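Scroll down for the structure; my scribbles are underneath it.
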Protein chains: 2
Amino acid sequence: MANIQEVAQKAGVSVATVSRVLNQHPTVTAKTRLKVETAIEELNYEPSMLGRNLRNSESRLLLVLIPSISNPFYTEIINGIEDTAITNGYNILLCDTDSNPQREHIYFNMVKNKLADGIISMDPAVDMEKLNGLAMQYPIIQCSEYDEKGTIPYVTIDNQLAAYRAVKHLIKLGHKKIALINSDERFLYARERRAGYEQALREFNLPIQEKWIYHTNHLEFEFGQQAMRKLLQTDEKPTAVFSVSDTLAIGALKEINAHELNVPEDIALVGFDKISFSNMTNPTLTTVSQPMYKMGCTAADMLIKKIHNKDVESVILDHELVIRESTMG
Amino acid sequence: MANIQEVAQKAGVSVATVSRVLNQHPTVTAKTRLKVETAIEELNYEPSMLGRNLRNSESRLLLVLIPSISNPFYTEIINGIEDTAITNGYNILLCDTDSNPQREHIYFNMVKNKLADGIISMDPAVDMEKLNGLAMQYPIIQCSEYDEKGTIPYVTIDNQLAAYRAVKHLIKLGHKKIALINSDERFLYARERRAGYEQALREFNLPIQEKWIYHTNHLEFEFGQQAMRKLLQTDEKPTAVFSVSDTLAIGALKEINAHELNVPEDIALVGFDKISFSNMTNPTLTTVSQPMYKMGCTAADMLIKKIHNKDVESVILDHELVIRESTMG
DNA sequence: CTGAAAGCGCTAACAT
DNA sequence: ATGTTAGCGCTTTCAG
């Protein structure tokens, strides 16, 4: 592979001139530019990012940390990030951390090692302490999940309000026995959504019953099934279920059907995230829609600003309750 | 951020010695090693990959091209790739090409630009000509989808045999009117699966009817719905459907239900890929399971071998027909 | 066993 | 408008 030297030689100019052509400096004559471009063509030259990056100490690579690529929730967010990044001359590196600290470590090192210019973290299970430490030296943005005590800018929705609205919707439908399938409350979104759930119940003077609140560490379908199985075993079965993720809700739906019960007649069901599957179930799933694409764009914008040492403020975006068959008696 | 110079200075040694410590050269005295390690500790030094990579002209980064992160089919493959890569000291860069040639171009350039050491392509829509061109100079492996005319090593399954078995399963169940929901036949897997479908029909003297073969350009649920809608409009409705992807099959199931028909009583259904959602539908979906994790591991292994200039041979892995409720009358 | 120095490919002063 | 040159951070001969 040819390097800048050979191009310079072939074009009969200095490497500086080649570099100028490469970087579209206006001070190059049309004639020399042509000579250089011809040489580049003939040698099939491709500039090495390595040299450029070392010199400029930037990589124009953005790291995006997700806990698992299999969670469809992230799909649209990533599209937003990617589109925005590319528009701004950055590329993204999708990092599946598997919520594994060791992998996380590798990716953290990439930014320390100058292999990436910044990080967008969407991993709720990320080591917040480490992340906060890193953020003192390197550009970092959090998307969706964040650390309320930390200083890292984030983009998210009002989880409590969203949960409140979802549960209120169930109450308005006449439900009084509403269960919650929650994820691990060491995650902020889980705590916030639970707060919204409780807020709605309290507002309508409904008791908060521990037996109707189920926690699960994972978000895969099977854990939704398991959660529902437990809820159906309680002495007093709930007539409605609010689940903090669509994947869990879909598992719950499966389990409800397995018990020969119907949604929404016997049990109404609300999910969260509006993943594409949620419209394929039978019945279709009422859910909370987050502006995922926009979240992604915003997060990428914020990160790029941060990389350029501009100040950025955290952003809270709007959500929407999407009412579908699973709550339409 | 400290560099190797400062470490050398602090430790009272030369940069060469620091480098030796960094790279675990055996020729360093325990004493000097300690001095250097202390200095590294104190300065919080992290070696820059940029300098190292430039010098070694390798990045230890692997590119993985997928058409869309939203397709759950790729999830397990990527886990396999990632685990294998990390074990061998490589990291992976997930590239969502969106089947967009422009994005593809960006990622191709990354390997030309020395920002990545090689590519695993899983994008059926990739520009095969370009990919073959690249492969003459850079390490490239194809996973799942490949170019039969090209020379790039690949790992895949026997798509024709898998389809043949799926359709034979339907025939054995007594079905004679079997429809095919196929994807675009400019993709090899689509052509092969269709060949398997036809092979099974021919073997049992069943006519191949064009009206029961539907092609769709996309794999999202809605296209499965649309396909099924068309198939239900034919003068003679099929009693079984083989779909080349689970996502399409799930869309078809949705549409069948919308017409007040039942699976499998009215129409039996077979998908392909065994995505996790295929076990959440009602009824659960009979499907073809590919050894996805293993495919990923194999592809990564092959690529790393290729990077080290070793010869690699294409691999065809086993598949399995997973019989579930959608074909259990 | 360790140090000096060259050089990977590129960009940006500075000089002309 | 173009050339010369230093240097980004690292590894690796080559000497000693």
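The shown structure was predicted, so the numbers you read here are calculated from the model rather than taken from an experiment. Just so it is clear: chains get the letters A, B, ... in the order the sequence lines come, proteins before strands, and each one is counted from 1.
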Check for a donor-acceptor pair, side chain of Arg20(A) on one end and backbone N or O of Thr27(A) on the other, with a separation under 3.5 Å. no
I need the Ile120(A) CD1 to Leu93(A) CG distance, nearest 0.5 Å. 12.0 Å
Within the 4.0 Å heavy-atom criterion, would you say Val13(B) contacts the bases, only the backbone, or no part of the nucleic acid? sugar-phosphate
Using atom CD of Gln5(A) as one end and atom P of dG3(D) as the other, report the distance to the nearest whole Å. 13 Å
More than 12 heavy atoms from other groups under 6.0 Å of CG on Asp311(A): no
Given that Arg33(A) and Val15(A) both sit by DNA chain D, which one's nearest nucleotide is further toward the 5' end? Arg33(A)
Let me know the distance between CD of Glu46(B) and P of dC8(D), rounded to the nearest Å. 20 Å
Could you tell me whether Leu54(B) contacts a base, only the sugar-phosphate backbone, or nothing, with contacts defined as non-hydrogen atoms closer than 4.0 Å? base
Ser57(B) vs dG9(C): side-chain N/O to OP1/OP2 distance below 4.0 Å: no
For Met49(B) and dG9(D), what is the distance between atoms CE and P respectively, to the nearest whole Å? 15 Å
Check the distance between dA13(C)'s C1' and Arg20(A)'s CZ and give it to me in whole angstrom. 10 Å
Considering only side-chain heavy atoms of Ile4(B), which listed nucleotide, dC8(D), dC14(D), dG9(D), is closest? dG9(D)
Any Thr32(B) side-chain nitrogen or oxygen under 4.0 Å from OP1 or OP2 of dT2(C): yes
Whole-Å gap separating C1' (dG7(D)) and CG (Asn3(B)): 12 Å
So, is Ser19(A) close to the dT11(C) phosphate, meaning a side-chain N or O under 4.0 Å from OP1 or OP2? yes
Mind calculating the distance between CG (Asn113(A)) and P (dG9(D)) to the nearest angstrom? 13 Å
OP1 or OP2 of dG9(C) under 4.0 Å from side-chain N/O of Arg52(A): no
Is the distance from OP1 or OP2 of dT11(D) to the nearest side-chain N or O of Asn23(B) less than 4.0 Å? yes
For Thr17(B), which contact category applies under a 4.0 Å heavy-atom criterion: base, sugar-phosphate, or nothing? sugar-phosphate
From CG of Asn53(A) across to P of dC10(D) the rounded distance in Å is 15 Å
Using a distance-only criterion (donor-acceptor N/O pair, under 3.5 Å, no hydrogens), is the base of dG9(D) paired with the side chain of Arg55(A)? no
What's the closest nucleotide to the side chain of Leu22(A) if the choices are dT2(C), dG9(C), dT11(C)? dT11(C)
Taking for Val28(B) and for Ala2(A) the nucleotide of DNA chain C with the nearest heavy atom, the one nearer the 5' end belongs to Val28(B)
Sugar-phosphate only, base, or nothing, as touched by Asn56(B) at under 4.0 Å among non-hydrogen atoms: sugar-phosphate
Given side-chain hydrogen bond (donor to acceptor under 3.5 Å, both in side chains), test Tyr189(B) with Ser183(B) step by step and report yes or no. CA-CA 9 Å; Tyr189(B) 77 91; Ser183(B) 121; 2.9 Å; yes
Over 12 foreign heavy atoms within 6.0 Å of NE2, His105(B): no
Is the phosphate of dT2(C), meaning OP1 or OP2, less than 4.0 Å from a side-chain N or O of Thr27(B)? no
Value in whole Å for how far the C1' atom of dG9(C) lies from OH of Tyr45(A): 7 Å
Does the side chain of Ser14(B) get closer than 4.0 angstrom to OP1 or OP2 of dT2(C) through an N or O atom? no
Distance check, rounded to the nearest 0.5 Å: Ile86(A) atom CD1 versus Arg103(B) atom CZ? 4.5 Å
